[in-house]
Protein chains: 2
Amino acid sequence: MNKTVVKTLELLQLFMTHEQLTLQEIVKLTKLPKTSVFRMVQSLVASGFLKKDGEAYELGVSLLQFGCLVAERLDVRKAALPIMKQLKEETNEAVNLVIKDGDEAIYVEKVETSEPVRVYTRVGRRAPLYAGACPRVLLAFMPSEEQKKYLDHVELIPIASKTIVDREQLKTVINEAKKKGYTVSHSELADYSSAVAVPIFNHEGKVVAGLSVVGPENRFQPSYIEQLVPKLKYAAEQISKALGFIGGKNVKL
Amino acid sequence: MNKTVVKTLELLQLFMTHEQLTLQEIVKLTKLPKTSVFRMVQSLVASGFLKKDGEAYELGVSLLQFGCLVAERLDVRKAALPIMKQLKEETNEAVNLVIKDGDEAIYVEKVETSEPVRVYTRVGRRAPLYAGACPRVLLAFMPSEEQKKYLDHVELIPIASKTIVDREQLKTVINEAKKKGYTVSHSELADYSSAVAVPIFNHEGKVVAGLSVVGPENRFQPSYIEQLVPKLKYAAEQISKALGFIGGKNVKL
DNA sequence: AATATTTATTCCGTTATTCGGAACAAAAGG
DNA sequence: CCTTTTGTTCCGAATAACGGAATAAATATT
C-alpha cells in the first residue's frame, strides 16, 4: 500500500466536515508538517480534487463528476427511484434508500415530501448500522456470522436522544426485525424523527439495501406505522423483483 | 508536488470512462508496472475511493458523498435551481446550468422535461468552452485577455456534426454572443440537439455560470428561439440578482 | 485429471522520492 | 517600520515507492 496516497486522501476527507480550509488550518487539523501538507494539497489541486478559492481550499468540481457517476452506476438506486416516488405519493412522507458500505450505512437516494414538517436527510450521509431504522434493517438481514461479529465488536455510541446503546436491547430489536420483516426507530439518529424500514433483496436473496419512510416522531404512532408497513413492504418487494429476487423464497441467513 | 498521488488519482480518472476495471486492464491502460498499479489500487480501496466487486474494481460510494457535498456547496446552483424549474415549466424544455472549470465547462445542474423527445445531459459532464451554447456563453463573457489567450491556444476538435472548428468563425460567433447577450448552438456537442444559452453574473459582475435551454434541433427554429431568449434572459437575471448582481451595470470585460 | 495460461499477490534489494526542518517571501497587523 | 502570520522554496537525510521476479490462485485447455 501507498502511504503517501492514503495520507493525502485522508487529508481530503477533512473537507467533508469543513467547507473551506486554509493551509494553516489543515496543518493544525492533521498535525502534519507544513511542507508535507503543502505538497499533498498541491497534488490534490493538480488532480482537480481540490481547488484554491482565494486564501482557502475547497473541494473541486471533479468530485461532482465522480459522485454523479457513482450514483448512476448504482443499480439498486436505478431500480428503486421510481418506486420510491410512488411510495412517497402514497404515504406523503420522505422516502430514503440506504446501502451498506463497510460497517456503515450510506444514504444513496431520497425522495422528499412537500409536507411542511419533514425530516431532511442528505444523500451521501453515513450512519452506523445499529442506529436508525434504515441502517438497522441492513444489520438485521446481513449474514448471521457477519452480524454476530459486528455485534460483538461494535461500540454503541449515542447519536440522538434514543439511540440504542445497550447491546442486549439491540439484539432484541434485531431479532424482532427479522421476525416481522421491518424495523422502527424513534429519535435514534436525530431527535424527533422516526422511521420505518424494510429490506431489499437482490437475485441471490442477499440484502442489498434498506428502504425507509421517515417523518416527525409525533406523526409516527403505532396505528400510523401499521398503515405504513404494508405499503413499504410492497414497495420493497417491487424493487427486489426488479433486481431479480424471486419472491416467496426464504432469505439466506 | 507528490508524484505518486498524482499518478494514483490519474488512475482513478480511468473509472470515469470505465465502469469496471480489473487490475490487468488498468495495467494495460496506464502502461505502468503491475506491482505499482496494484499498490495504487490498494491505496484507493483503503481510502474508499475504489471498491473491489468480485474480479474488478469500481468507484466507491465515498465519491457519492463527496459529489453531493460539492453540489450542495455550489451556491450558484442553489440560487439557480428553483428558477431553472420555473423556466422548464414555461418552456417545456430541458434546462441546464454549467460553470467553468479550467478550460472546460462542467454541467452542475439540470432540470429534465417530460417531452417525449428530449436531450439527455449528465450532471458532471464536461465540454470544451468552444462547443455548445452553454459552454460558449462562458467563453464569450470571460475576461477579454483570458479569452484571447484561450482562443489563441485552443485546438478546435470536432465533437458532433456541426462543432465549430474554424477559429475565425468561433470569434465571430463569440462577438455576436457578446452583442446579443445569448448564443445558440445546433449539433455542436450532440447531433440533432440545439441549445440557447445566456450568462449568469455574480455580485462582481463576473460570469459565474451559463444557463441554457436544450432540445431537439428540429424544434429550435429561429421563431421559437426568439420566444425562448427573453424567458432565458429573465431567468438568468433573476439568478444573477440572487447572487448579488446589480442589474443594469455594464459587465466588466 | 493434469497441464498450461492467465491474473492476482507477495518479496526484496535498489533508488528515486518523499520528508521535514530551516530559510525565504509575501502579506497582514500593530 | 517592525512584528507576526501564512504561504512557498531549498536541500540533505531517510524512507517509502519502485518494479522485476517469484509465488499463489483461479481458469482454461488438452
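Keep in mind it's a predicted model, so treat the numbers as computed, not measured. In the text below, chain A, chain B and the rest are named by the order of the sequence lines, each starting its count at 1. In what follows, every heavy atom counts, from backbone to side chain, and hydrogens, waters and symmetry copies are set aside.
Near DNA chain C, meaning a heavy atom under 4.0 Å away, the residues from residues 3-12 of chain B are B:Lys3, B:Thr4. Residues of residues 17-36 of chain B having a heavy atom closer than 4.0 Å to DNA chain C, listed by number: B:Thr22, B:Leu23, B:Gln24, B:Lys34, B:Thr35. Contacts of residues 39-49 of chain A with DNA chain D (heavy atom under 4.0 Å): none.
Terminal axes of the helix from C:dA1-D:dT30 to C:dA28-D:dT3 (five pairs each, C1' rotation axis) are separated by 40°, to the nearest 10°.
Nearer to the 5' terminus of DNA chain C, by closest-nucleotide assignment, is the contact made by B:Phe38 (compared with the other of B:Asn2 and B:Phe38).
By the 4.5 Å heavy-atom criterion applied to side chains, B:Glu104 and B:Arg125 are not counted as neighbours. Side-chain contact between B:Lys100 and B:Ile106: absent, with no pair of heavy atoms (C-beta onward) separated by less than 4.5 Å. B:Leu170 has its side chain within reach of B:Leu156: a pair of non-hydrogen atoms, C-beta onward, lies under 4.5 Å apart. Side-chain atoms of A:Ile174 and A:Gln147, non-hydrogen and from C-beta on, do get closer than 4.5 Å to each other. Side-chain contact between A:Leu69 and B:Met16: present, with at least one pair of heavy atoms (C-beta onward) separated by less than 4.5 Å.
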Review item, side-chain donor-acceptor pairs of residues 131-140 of chain B, under 3.5 Å, at least two apart:
from     : atom 1 : to       : atom 2 : distance (Å)
B:Arg136 : NE     : B:Thr183 : OG1    : 3.3
B:Arg136 : NH1    : B:Tyr130 : O      : 3.4
B:Arg136 : NH1    : B:Glu188 : OE1    : 2.7
B:Arg136 : NH1    : B:Glu188 : OE2    : 3.2
B:Arg136 : NH2    : B:Thr183 : OG1    : 3.3
B:Arg136 : NH2    : B:Val184 : O      : 2.8
B:Arg136 : NH2    : B:Glu188 : OE2    : 3.3

Cut-off 3.5 Å, no hydrogens considered: what does the side-chain donor-acceptor table look like for residues 35-51 of chain B, sequence neighbours left out?
from    : atom 1 : to      : atom 2 : distance (Å)
B:Ser43 : OG     : A:Asn2  : N      : 2.9
B:Ser43 : OG     : B:Arg39 : O      : 2.8
B:Ser47 : OG     : B:Ser43 : O      : 2.9

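With sequence neighbours excluded, the residues satisfying side chain to side chain donor-acceptor pair (under 3.5 Å) with B:Ser62 are A:Arg126. A:Glu155 is linked by a side chain to side chain donor-acceptor pair (under 3.5 Å) to nothing, counting only residues two or more places apart in sequence or in another chain. Take A:Lys110 and apply the side chain to side chain donor-acceptor pair (under 3.5 Å) test, not counting sequence neighbours, and it matches A:Glu112. Listed by chain and number, the residues in a side chain to side chain donor-acceptor pair (under 3.5 Å) with B:Asn96 are B:Thr121 (sequence neighbours excluded).
Within the structure, the side chain to side chain donor-acceptor pair (under 3.5 Å) test picks out no pair touching residues 15-33 of chain A (sequence neighbours left out).
When DNA chain D is scanned in the 5' to 3' direction for atoms under 4.0 Å from non-hydrogen atoms of chain A, the outermost contacting nucleotides are D:dT6 to D:dC18.
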